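Presented below is the structure to which this report refers.
Just so it is clear, the structure is predicted and the values come from calculations on it, not from any experiment. Side chains are part of it too, since the values below use all heavy atoms of this structure and drop only hydrogens, waters and symmetry mates. Chain naming here is simple, since letters A, B, ... match the order of the sequence lines and numbering starts at 1 in each.
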Amino acid sequence: MNSQIVTSATTNPNPQESRARATSKSRPLFDGPIVKTAILSSLRKLDPRHQIRNPVMFVVEVGSVFTTALFVQSLLGKGEAKPAFILGVSIWLWFTVVFANFAEAMAEGRGKAQADSLRKGRQDTPAKKLRGPTRDGGTVSIPSNDLRKGDVVLVEAGDQIPVDGEVVVGAASVDESAITGESAPVIRESGGDRSAVTGGTRVLSDWLVVRITANPGETFLDRMISMVEGAKRQKTPNEIALDILLAGLTIIFLLATATLLPYSVFSVEAVGKGLPVTITVLVALLVCLIPTTIGGLLSAIGIAGMDRMIQANVIAMSGRAVEAAGDVDVLLLDKTGTITLGNRQASAFLPASGVDPKTLADAAQLASLADETPEGRSVVVLAKEKYQIRERDLASLKATFVPFTAQTRMSGVDHDGREVRKGAADSIQAYVKAKGGAFPADVRAIVERVSKEGGTPLVVAEGATVLGVIQLKDIVKGGIKERFAEMRRMGIKTVMITGDNPLTAAAIAAEAGVDDYLAEATPEAKLALIREYQAGGRLVAMTGDGTNDAPALAQADVAVAMNTGTQAAKEAGNMVDLDSNPTKLIEVVEIGKQMLMTRGSLTTFSIANDIAKYFAIIPAAFATTYPVLDRLNVMRLTSPSSAILSAVIFNALIIIALIPLALRGVRYTPVGAGALLRRNLLVYGLGGIVVPFVGIKLIDVLLTLAHFV
Amino acid sequence: MTANATAQIVFYFAILLALTKPLGLFMANVYEGKRTFLSPVLGRVERLFYRAAGVKVDDEMTFAGYAGAMLLFNFVGFVVVYALQRFQATLPLNPQALAGATPDLAFNTAVSFATNTNWQSYGGESTMSYATQMLGLTVQNFVSCATGMACVIALIRGITRKSTPNLGSFWVDLTRSTLYVLVPLSLVVALLLVSQGVVQTFHGYTTSALLQPTVDGDGKPVVDQLLALGPAASQIAIKQLGTNGGGFFNSNSAHPFENPTPISNFVQLLSILMIPAALCYTFGKMVGDTRQGWAILATMTIILVPLVCACAYFEQQGNPGFAAHGVDQVASALQAGGNMEGKETRFGIANSALWAGATTAASNGSVNAMHDSFTPLGGLVPLFLIQTGEVVFGGAGSGLYGMIVYAIISVFIAGLMVGRTPEYLGKKIEAFEMKMASLVILIPASAVLLGTATALLVQAGKSTIFNPGTHGFSEALYAFSSAANNNGSAFGGLGANSPFWNTSLGIAMFMGRYPLAIAALAIGASLAKKKLVPAGAGTLPTHGPLFVGMLVGVVLIVGALTFIPALALGPIVEHLLLNS
């Protein structure tokens, strides 16, 4: 009974359903209260100590301060240009910084909101601390915040589990809906693979003695919250590499614009007319050229990635792990519960020669009526489906149930003088021999064939006569083959891990459509397999829940532990799936890939934008010395100052416009790297060239209409 | 562009690409220590060198060892060239009794020839003795080029190896580059050039009587002419093959004794791009996938061919200033047409444009026409090709390692766009590689921009810019672009033999060479230490047209974004003014 509840909570055979749930949990992009907090926070983030973390935006802030000073100077009558123009540029530079901060604050806000909703209901209730790891040690009531690692607490029906921990004694049903959203209670008990409990969940019946495994501030929830807070967030390796490239580009543009001043001075001297380019224009040009779009959205993309993980009910221990998920080459999956349903089921009745199949089915059904195991139930179901043999009531038949024992290794019924038995071939052979019968050779052949095909043969006998064989088969989950095909298109190889013999494993592997399998797997063999793949340069992901999975989880590059699993497994992994759905890894991989794709695409977009900005600003900047450069003003912008202002405004607004994309991520489709690059280059490369021409022109028209310039 | 020009350009690239595979394959065998058809003769010489120098072939070097040996070797070369120039008056092989060079000129020239730039602030025939030319400059022509080739081979080894700190032996790579590749090829090219009439002699300059006596500026009669001679062919062969470019005579390959006939012109043109092109194939061969090499070569060719055509087109358009005076500049049976100022009539527009493109694509820098006299947009082509960082073919070795760095940057951006930690040829590209790659782009760009700015700010710089306005600006920009990217060609119009220009350009040449070579070696060492990631369905292929297109885009856009403002104030505005 217990195991069935757990099964229903752990497996989610229908991927669509789990996705639907993930999206139903997501909130609208611009949620009122989050926006309000984000606006305030984006002003607070103007603090240079915060800004310096992002070199690109720091340059913009310095530029804003600079132009503000130039504006003040112009008010005093010594300005290099009209105060209104300098003010316009200056304001929009400040906006650029604020918009970037706003993007980061929005991402943080959404992540926090997600975390808060998980944290909700987890009040600081007093915990019952035990003096020793037994229930009758006597309890002291202390605030759960004061609990430390290693403390032991008693949790009884109706109590909340104060902090993450491991069950030491007892078994209880626990409502974990606060974390997983799954309403069916799950069983948590000491010993086995279901011993981990999460803070914030509630015990519904019975009691547990729990050893606390996390200090305050170190629980899953806490880690998750810190992951979505920009200031505490660790940059991921790819993010650092991209930061370096962006800083390099920023320095190049800094030099390209700064040296324009001497070039311009020389040109003015040489031509003998006009004025050198103004500092305001140079700062405006610099800000337009440096990759502010990606620079401003970079941290928002990272935070939003973590946020999407949380929405998918996965807690990642680090951003590095999420990023690594995008690179996974090989995925190791446990057979049972992941690829197949937890239990074997009857799939065919194979009669001995001269026996009517219906007779076999009838006997098999009779023998299984009292057998409440899933296997037994499946025999009854199959008999009904195939031969319309209706279910009978044992009590009204006055039949006696013969239960399975370790000695006989058979079960069955005695009814009306009939003795029907089912069991493994050896046991039945011994049974019929004892009754004076013989084990027919054709049944032996059937038994061997069934084993070879990956099934389990159960032989049915009535008295001394062997009637035939029930074929039990692993049932591969619906839709799993399609998911593996999707992984293959993503470039991920799937490997099934099973304790079955190689024949059985091969048969199931073929049916489920995995690329490879490891049969008769031991923990050592799993570990060795992971190391072998890693030595070949591949990145290995695996999911696991048992304590014996822990070494392999620790070795794997991306290790998703099931929330229903043991504490050891959860600590060895670098992600925890609250839904305990092993195929969740596909979503994790997608989120990892999306994070990288969004960064790459916005970098391309940002750089491609520069072409249009050059066409807007260069003719304007040197208009007084070289009026002829106006022929490069292909957008026909109204005036030099409107051109420069339009470019700066576009540069600021594009950040706001791209916030939704940064938060949602660029869409990933498993079509192969070449096709993906072609699509993204077309959208973000070519789009990045075209969009600013249109945008800057539009802004210029509006500015002109409003007589701003 | 005329049909004749098109035919010449197509013919040139066809022959160049046909030579790529055999030479590239030969070089791959040389660097991998395999037996080649030259081994029976040169193998003994090679072993003799190693024994004399105490070098063991299998003694591999780490990054520090390789870079250290490279720097030490180049420093010694620098000192020798500097000393030879300073003391040439007291050394033999100086029939014209030329005086020692000034310290700033000697510094500039020594850096220039050590860094494979071959910028010349001097006129060869009037400044350098035969001893300086042969023992200093010609030797550097070989070894500075071999240094670049060695560095790129070390980088390629880093890509192909896994989990090792070793990059190979600098001494072995240097020796093999010189002995098996440069010396035999130079021998062949030199003989071809001599057959066309390029001079090769130890005799002093000769005097010949003029057929048409004339008068000089002061009205004195001039009846004879002093003809500069010397061992030119041997130096010219390696000057072209080694992407050096330093002319034996001041007017370089426009000089009739350096480049007398269309055939000598074609041989030299071919020599300019031959090794950089073939190295692409060597690269593909060594990484075990020749498609990778062809992809790089395709990238280079796709950038260069349209630019050469653009240059030929703009030159053929002629000078709008003449058009206003009713001068006929259209090509016809009777005239070549177009802008022939500064061009040799025996080469014409097509071969001048082709040469200008090839010499600035490769960091060669030799010229057969005066780039300064090109039309503004025609002159923009060589200037921009230099400013792409000399990665389109580029210097022998240095061009390829520069292009590999660009490939790494492209892979990084493209890799992110397909949602995978970027990898190139099975090696993950991470923060360290990006740091080094950024430096490779950043350093020459800053040297160009800051150098030009300095020259325009200080009187010592401004005073020797002889042309006014936009053209003067272009000349200064060209000088620093050429120096910092180790090209060595000059726009002219600049009095570069002054302490300011000699020193500042010398520094720019240094910055454009060694930090980049070290960064490339560092990338190689970092990649060598990494594991090899096998390619899968999620891996971005780096040999297809898509990646080639992306790489072309990155090279052009990085170059354009860095230099558009400066170019706008130089050739672009000059073009607009000329046509308004």
Side-chain angles (χ1 to χ4, degrees), chain A residues 237-238 240-242 244-245 247-248 251-253 255-257 259-260 262-267 270-271 289 323 326-327 329 488-493 536-538 592-594 596-597 599-601 603-604 607 610 614 618 622 626 628-629 631-632 668 672-674 676-678 680-681 684-685, chain B residues 162 409 412-422 426 429-431 433-435 437-439 441-442 445-446 449-450 452-454 456-457 462 468-470 472-473 531-534 536-541 544 546-547 550 553 557 560-566 568-569 572-573 576-577 580:
Chain A
N238 273 316
I240 293 171
L242 181 56
I244 292 170
L245 180 68
I251 297 173
I252 289 183
F253 287 129
L255 290 170
T257 43
T259 51
L260 272 184
Y263 298 173
S264 169
V265 170
F266 176 83
S267 301
V271 180
L289 293 181
E323 210 174 75
D327 292 346
D329 303 295
R488 201 164 302 119
R489 285 199 301 277
M490 286 172 148
I492 298 171
K493 179 178 174 175
R538 297 185 190 274
K593 283 189 181 296
Q594 274 191 318
L596 296 187
M597 282 169 56
R599 284 190 201 131
S601 301
T603 303
T604 308
I607 295 169
D610 284 358
Y614 268 134
I618 293 289
F622 306 104
Y626 294 124
V628 69
L629 278 174
R631 278 166 50 192
L632 295 182
Y668 173 78
L676 213 52
L677 178 63
R678 194 170 301 124
N680 287 337
L681 270 181
Y684 299 98
Chain B
K162 56 178 180 179
I409 291 175
F412 181 75
I413 298 174
L416 289 183
M417 270 202 282
V418 299
R420 217 179 140 81
T421 295
I429 304 302
E430 292 165 300
E433 287 77 32
M434 287 321 286
K435 207 178 284 177
S438 300
L439 286 179
I441 295 184
L442 189 58
S446 3
L449 292 168
L450 290 175
T452 311
T454 313
L456 298 180
L457 281 175
K462 271 195 289 192
T470 55
F473 174 78
K531 285 192 273 190
L532 214 57
V533 184
T539 315
L540 181 76
L546 187 66
F547 183 74
M550 171 109 190
I557 287 179
L561 291 184
T562 313
F563 293 107
I564 274 184
L569 292 179
I572 294 175
V573 79
L576 293 175
L577 287 171
S580 62

Handout entry: Gap between atom CD of A:E323 and atom CG of A:N238 - 0.5 Å precision
Key = 4.0 Å
Under 4.5 Å from any heavy atom of chain A, what part of [X] do you find: side chain, backbone, both or neither?
X      : value
B:L457 : side chain
B:K462 : side chain
B:L540 : both
B:T539 : backbone
B:L576 : both
B:F473 : both
B:T454 : neither
B:I572 : side chain

Exercise for the section: Take A:T259 and B:L450 through the side-chain contact (heavy atoms from CB on, under 4.5 Å) test and state the conclusion after the steps. Expected result: CA-CA 7 Å; A:T259 51; B:L450 290 175; 4.1 Å; yes
Fill in the blank from the handout: Residues passing the salt bridge (Lys or Arg N to Asp or Glu O under 4.0 Å) test with A:R488, sequence neighbours excluded, are A:D515
Exercise for the section: Measure distances from A:V628 to the heavy atoms of chain B and classify the residue's part below 4.5 Å as side chain, backbone, both or neither. Expected result: both
Practice task
Could you look at A:L245 and say if it's the side chain, the backbone, both or neither that has a heavy atom under 4.5 Å from chain B?
Solution key: both
Handout entry: Test ring-ring contact (aromatic ring centres under 6.0 Å, His included) applied to A:F253 - qualifying residues, sequence neighbours left out
Key =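 By the ring-ring contact (aromatic ring centres under 6.0 Å, His included) rule, A:F253 matches no residue at all.
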